[in-house]
Protein chains: 2
Amino acid sequence: MDEKQFLAEYDKRQYDSPLVTVDAVMFTYHEECLKVLLVGRSNHPDQGKWGLPGGFVDLERDSTLEDTVRRKLKEKTGIEPPYLEQLQSIGNAKRDKRGWSVTIAYTALMAYQSCEAHIATVTDAQWLALDVVSQMDLAFDHQAIIGLARERMRQKALYSIVPAYALPEAFTLPELQHLHEVLIGKSLQKKSFRRRIEQAELLIDTGEKRSEGGRPAALYRMKQASGAYTFVRNLED
Amino acid sequence: MDEKQFLAEYDKRQYDSPLVTVDAVMFTYHEECLKVLLVGRSNHPDQGKWGLPGGFVDLERDSTLEDTVRRKLKEKTGIEPPYLEQLQSIGNAKRDKRGWSVTIAYTALMAYQSCEAHIATVTDAQWLALDVVSQMDLAFDHQAIIGLARERMRQKALYSIVPAYALPEAFTLPELQHLHEVLIGKSLQKKSFRRRIEQAELLIDTGEKRSEGGRPAALYRMKQASGAYTFVRNLED
DNA sequence: TGCAAATAGTGACTTATAGACACCTTGCTG
DNA sequence: CAGCAAGGTGTCTATAAGTCACTATTTGCA
């Protein structure tokens, strides 16, 4: 055993470390409402309850926290979500019966359609409407984490077009606006909304249309640029 | 050993957990420049280098992550900072020689004056100007974490008056404006700045003045309200 | 076939907010 | 008491957001 290894072992043993998990609040938009991906817990703490997808870091397979989240989400949905953002970490002595525990929570978005087939094959995961979820008794503090994520998305809806990641690749502006309205909790002015979208220059008109009982709406998709923010007020989110 | 304890032990052993630390980027404003609190590392990984104040969660004494940060900061500065906010968690296999490690990083602000006396007694901690720090070789990924914190504060300076927590309890608007200018990296319009402050209604005129070679400036202090945000655009930060 | 209903998208006025900058105010100093 | 230096304000302009009526394009049905 060389010195490096020795130190690694030595240092590790000095401290009793909290448990470390990641959890993801994965939102989507389907049938005019926001849905969250929940999984049924099959193991001890809070067994039988529904909770957020997530779990322990696999020290061998994962090289970053994001790897862990992506891996866990892929297990449930079959794909990696197009939008993933760290939300907040919650760590205290009480949140897990097993003792001191830290979770690094993420918010993710994806289109309902992109995992519809896969999720049907997974018995322990499903999309649930947010207003149903808020009445449920979830595992750990997952209800509170969903609340945080929801509030974060509300902010995004006000100033960015990040929520578009919860829609299929091609979508219409009325669709996007409605999603924003659901997130914000009030109706928006059509004109203002469109102006914002236009100024952001983050969407491209695909040229195609989709009809819905009236004049057909133009289909847009996101530019594959790095940041998806409406207000580039002075850079960054 | 009852069942609960047994399960606790059982579950804990199933997983090899990453190391968990907290780190704080504590800013202050002194002599017209931003400073960060750094500590000299006396232990193995990166021994001898400067790094952020922080350390391991003490499972006995701390009941939340914030407790850990507050405790660590109090050790170095003698007081708990008036502003503390979670910044971001960083976790990967490479950042610490000892192996997989997660740090929950915080941003904190306090007045230079409130710990001047105490910090003089602590040999391993000191305030360093940010532009000096950016040239240094810091422990772990602390340089990057400071960069994140700095960017976050820049955002705060644009839309809030949170940076005021880096000033003494009573301060003048020109002082606050200059701090914001340093954070943002460009000069601000006096009138616009004051308008924003006024609209926010988060400061109170103490009635006192402070002279500085010209007309004396009014001294303000923060209202002890909950949120310290300028733009209550639609609630929340 | 053509008219009404329904949904998409625009024009143009109003209102709110931020930027610019000249000007006034208040203290200090010689 | 003049004039400098720094604080603080009045007001015009520019830009972005809100409002709402109007136009546009489809479907469905008399």
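A note on names: the letters A, B, ... follow the listed sequences, proteins ahead of strands, and every chain is numbered from 1. Quick note: numbers below take in every heavy atom, side chains included, and nothing from hydrogens, waters or symmetry partners.
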Examine the base of D/dG18 for any acceptor or donor lying under 3.5 Å from a partner atom in the side chain of A/Lys191, and report the outcome as yes or no.
-> no

Which whole-number value in Å describes the distance from B/Arg194 CZ to D/dT11 C1'?
-> 17 Å

Can you check whether any acceptor in the base of C/dG9 is under 3.5 Å from a donor in the side chain of A/Lys190, or vice versa?
-> yes

Could you state the CZ-P distance from B/Arg196 to C/dT17, rounded to the nearest angstrom?
-> 14 Å

Under-4.0 Å salt bridge between A/Asp124 and A/Lys76 = yes

Any Lys/Arg nitrogen of A/Glu80 or A/Arg71 sitting under 4.0 Å from an Asp/Glu carboxylate oxygen of the other?
-> no

Can you run down the ring-ring contact (aromatic ring centres under 6.0 Å, His included) pairs that involve residues 183-212 of chain B, sequence neighbours left out, and say none if there aren't any?
-> B/His180-B/Phe193

Return yes if the base of C/dG27 and the side-chain atoms of B/Arg210 contain a donor-acceptor N/O pair under 3.5 Å, otherwise no.
-> no

Starting from P on C/dG19, measure out to NE2 on B/His180 and report it in whole angstrom.
-> 14 Å

Flag side-chain contact, heavy atom, 4.5 Å: A/Lys49 against A/Phe140 = no

Please work out if A/Gln189 contacts a base, only the sugar-phosphate, or nothing of the nucleic acid, heavy-atom cut-off 4.0 Å.
-> base

Roughly how many Å is it from CG in B/Leu203 to P in D/dG8, rounded to a whole number?
-> 12 Å

Can you check each nucleotide of nucleotides 24-30 of chain D against protein heavy atoms at under 4.0 Å and return B for base, S for sugar-phosphate only, - for none, in 5' to 3' order?
-> BBBS---

On a plain distance test, is the side chain of B/Arg195 in donor-acceptor contact with the base of C/dG19 below 3.5 Å?
-> yes

Sidechain N-carboxylate O distance under 4.0 Å for B/Arg195, B/Glu198 = no

For the pair made of NE2 in A/His178 and P in C/dA8, what is the distance, rounded to whole Å?
-> 11 Å

For atom CD of A/Gln177 and atom C1' of C/dG9, their distance in whole Å | 11 Å

Roughly how far, to the nearest 0.5 Å, is the CD1 atom of B/Ile146 from the CG atom of B/Leu52?
-> 4.5 Å

